[in-house]
Protein chains: 2
Amino acid sequence: MSKATINSVAKYAGVSKKTVSRVLNEEPNVSTATREKVQQAFKDLDYRPNPIARGLAHNRSFIIGCIYDNPSKSYITRVQTGALLACHEKNYNLLIHPCELRGQALLDNIDALIRRTRLDGLVLTPPFSDQKDILEFLKSKNIPYARVAPGTLDDDSISVRSNDEQAAFEITELLISLGHKDIAFIKGHPDHSSTTLRFSGYLKALKKNNIEFKPELVDEGNFSYHSGEDSARKIFNLSKKPSAVFASNDYMAAAVLKVASQLSLKVPEQISIAGFDNAPIARHIWPGLTTIAQPVEKMTYTAISKLIEQFTEQDEKIPLHQETLEAQLIIRESTDKVKS
Amino acid sequence: MSKATINSVAKYAGVSKKTVSRVLNEEPNVSTATREKVQQAFKDLDYRPNPIARGLAHNRSFIIGCIYDNPSKSYITRVQTGALLACHEKNYNLLIHPCELRGQALLDNIDALIRRTRLDGLVLTPPFSDQKDILEFLKSKNIPYARVAPGTLDDDSISVRSNDEQAAFEITELLISLGHKDIAFIKGHPDHSSTTLRFSGYLKALKKNNIEFKPELVDEGNFSYHSGEDSARKIFNLSKKPSAVFASNDYMAAAVLKVASQLSLKVPEQISIAGFDNAPIARHIWPGLTTIAQPVEKMTYTAISKLIEQFTEQDEKIPLHQETLEAQLIIRESTDKVKS
DNA sequence: CTCCATTGTGACACCGGTGTCATGCCCTTT
DNA sequence: AAAGGGCATGACACCGGTGTCACAATGGAG
């Protein structure tokens, strides 16, 4: 029955509701005696301000929206975990918005979301972080936004990412250091900037180690398990099989592992396999996948924290709102020295 | 710049704001001419009502909360999918609330959620659907709620479930029909009612087919992959190994598969394995897992739809707010006839 | 002792909708 | 013709907070 309103508190404390409001918002110019009286009333009446009324007065909703379209449930969950943490810290609510659309339909859909909820800000996760039409649309509607894991920092918006290219470089170098020279690569979905970045890291590692790049060892996937199966079959059908496969994410890597075991290719004895993302499946299959762990929760947490801070403080000190966090190489059983 | 408010619409259409409100809410007693005039104004001004103001006037938030604590990311995502669908249809927003607490801390946490957001209703998913203290707490605070997949229908609240016991019965009978007699069972987390139900289905199938129940073939897991590994090692260490293992969910079943392959036990030639839930991992490992698919999205969708309908219509017709949906047996490669 | 700046406080309008009630009108009914 | 009922509409208060401004009390400077 928490029916306490600002009026009942004011009456109880014997002050005006404006004064109660001042105490609530920790405004200056309230005498200590009055403040304590009001705070006692808060406790006695078990009062909590009504966020809806506050929202109406401020023309704010205290809602942050999070847009995603990602086949990986674990990625989504991690994004949500970080997002919720940041929102709760700042007394905001999080609205999740999975969304498979593209193009104008996508913009209309986001528009509807904004108008329906009057959200205060939006977090974009891949692949939306890189879609220019969305960024421009949000700017035109004057909706603050932050980007998680964008491919480029060409924008002056809040952006938090990890270094996919560097991580892909490292994992490729790991394979090279194990003696692998014929390393197949399975690309991700072309909409995702990480697809380009990871491929680029792979290429740089080959180049640095003077290993010839063989286009036939590269196949295009789309991050789905199914696409990984297709690519694996193609790759294992080559007359000269590679000794290692680096897939752009763990689902595809898991599919490679499955196809390998269907073909009775032993992993890692005959084939080394590496993935990316450190999805749960990476340690739920046997052998466990060597992969890259990204700080997904932390990226999202940071992005939202910065976003909320940005429209809370009107000081235009504008620190550079862009940050790159460390990813981590995780070595499991799916990679080993080349045998020959 | 959608700045249109009900006042600007009223001015534009040359009527009072109350009349605009009437058109908005499709109330009777508005002349056709007036209605059309106002609707034209809506279009011309690109007007959308402000849900926050509406919420304040109604003392409603148009927010549904969803509480869960489930290790399975895919289950959570499916719950969210169904929940969002229902909420959007009814113009509500969904607030997700993952929550690992128990006991009083949990109640305090839920209380804080309710007060912070003023949500209109709550959906409970396992294991919270069965926690009496939560149900009583919500009743005492007069918060409407719906339960997804509760173990018992002892409550008069909205409840939507699928028949876990029946499904476990069917999958056990499948194994029996393949000639298995020594069927190990791995239980789930004791907090979840499905743990009891699935075990009970297993027992009933044994009994019906006159197969002796052997307690040493049952081990207690907790739905996690890790617990499945432990149980599998125990089971495969028995002097008389079973010919089949039925794990209470797919993560544990996948772990059984991993341990089997570490021990060079061929699946399904030497060991048949069955899971439950049809999680993505069930088809991402090799061989694919025979399992049970539950209509998780539909259960959640139905629960929320009923919940919102309940507090929308004040007619006290009270249809029975409880529903049981069908689960489906999915046969993949991990189960086969017993060889001996 | 005045003057003025600062501090503490409350009255009041406002955010954008909804509920209540009064009013004026038209059409029956007797 | 008078009375009564239903329909269409608007004035106004209200939901629970916040912003603006006025004003009294206080205190330090001249």
Side-chain angles (χ1 to χ4, degrees), chain A residues 1-39 41-42 45-63 91 115-120 311-312 314, chain B residues 1-39 41-42 45-63 91 115-120 311-312 314:
Chain A
M1 292 297 272
S2 65
K3 303 184 72 165
T5 72
I6 201 168
N7 285 297
S8 59
V9 173
K11 210 170 294 174
Y12 183 91
V15 299
S16 74
K17 64 184 204 171
K18 179 61 207 181
T19 298
V20 176
S21 169
R22 276 191 262 260
V23 175
L24 254 186
N25 297 290
E26 297 177 343
E27 287 174 27
N29 301 343
V30 179
S31 73
T32 311
T34 308
R35 166 169 291 113
E36 281 167 3
K37 210 166 47 178
V38 173
Q39 278 164 343
F42 286 167
L45 301 179
D46 196 21
Y47 167 77
R48 296 303 154 89
N50 182 330
I52 299 182
R54 203 200 282 244
L56 180 59
H58 276 135
N59 197 21
R60 298 250 225 104
S61 61
F62 298 98
I63 287 177
N91 263 306
R115 311 186 67 151
R116 185 165 49 77
T117 64
R118 304 281 163 128
L119 47 78
D120 294 337
F311 51 66
T312 296
Q314 56 279 61
Chain B
M1 292 296 273
S2 63
K3 304 184 72 166
T5 71
I6 202 169
N7 284 297
S8 58
V9 171
K11 212 170 293 173
Y12 183 91
V15 298
S16 75
K17 65 184 204 172
K18 180 61 207 182
T19 298
V20 176
S21 169
R22 275 191 263 260
V23 176
L24 255 185
N25 296 290
E26 298 177 341
E27 286 174 28
N29 302 343
V30 179
S31 72
T32 312
T34 308
R35 168 168 290 115
E36 281 167 3
K37 211 165 46 180
V38 174
Q39 277 164 345
F42 287 166
L45 301 178
D46 196 21
Y47 167 78
R48 297 302 156 91
N50 183 330
I52 299 181
R54 203 200 281 246
L56 180 59
H58 276 135
N59 197 22
R60 297 250 225 105
S61 61
F62 298 97
I63 287 176
N91 264 306
R115 312 186 66 148
R116 185 165 48 78
T117 64
R118 304 277 163 131
L119 48 79
D120 295 337
F311 50 68
T312 296
Q314 54 280 58

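Per chain, numbering begins at 1; letters A, B, ... match sequence-line order. Keep in mind that what you see is a predicted model, and the values were worked out from it rather than measured.
- For the pair A:Ser16 and C:dT9, the criterion of a side-chain N or O lying under 4.0 Å from OP1 or OP2 is not met.
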**OP:** Any chance you could list the contact pattern along nucleotides 16-25 of chain D? Use B for base contacts, S for sugar-phosphate-only contacts and - for none, protein heavy atoms under 4.0 Å, 5' to 3'.
**Re:** BBBBB-----

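- Counted within 6.0 Å of NZ on B:Lys37, heavy atoms from surrounding residues, nucleotides or ligands total more than 12; the atom is thus considered enclosed.
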Output a table of donor-acceptor pairs, distance under 3.5 Å, between side-chain atoms of residues 50-60 of chain A and any protein atom two or more places apart or on a different chain; print 'none' if there are none.
| from | atom 1 | to | atom 2 | distance (Å) |
| --- | --- | --- | --- | --- |
| A:Asn50 | OD1 | A:Ile52 | N | 2.7 |
| A:Asn50 | OD1 | A:Ala53 | N | 3.4 |
| A:Arg54 | NH1 | A:Asn25 | OD1 | 3.1 |
| A:His58 | ND1 | A:Arg54 | O | 3.4 |
| A:Arg60 | NH1 | A:Tyr92 | OH | 2.9 |

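- Counting heavy atoms from C-beta on, the side chains of A:Arg118 and A:Ile63 never come closer than 4.5 Å.
- Under 4.0 angstrom from either OP1 or OP2 of C:dT9 there lies at least one side-chain N or O belonging to A:Thr34.
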Below 3.5 Å, can you tabulate the donor-acceptor pairs from side chains in residues 27-34 of chain B to any protein atom, sequence neighbours excluded?
| from | atom 1 | to | atom 2 | distance (Å) |
| --- | --- | --- | --- | --- |
| B:Ser31 | OG | B:Thr34 | N | 3.2 |
| B:Ser31 | OG | B:Thr34 | OG1 | 2.7 |

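- The side-chain hydrogen bond (donor to acceptor under 3.5 Å, both in side chains) test applied to B:Ser8 returns no partner, not counting sequence neighbours.
- Residues B:Leu45 and B:Lys11 fail the side-chain proximity criterion, which asks for heavy atoms closer than 4.5 Å.
- One end of the helix from C:dC1-D:dG30 to C:dT30-D:dA1 points its axis 50° away from the other end's axis, with each axis taken from 5 pairs and the angle rounded to 10°.
- Scanning for side chain to side chain contact (heavy atoms under 4.5 Å, CB included) contacts around A:Ile6 gives A:Lys17, A:Val20, A:Ser21, A:Tyr47, with sequence neighbours left out.
- Per the geometry, CG belonging to A:Asn29 stands 6 Å off P belonging to C:dT7, to the nearest Å.
- Remark: B:Thr117 pairs with A:Asn93, B:Leu95, B:Leu113, B:Leu119 by the side chain to side chain contact (heavy atoms under 4.5 Å, CB included) rule, at least two apart or across chains.
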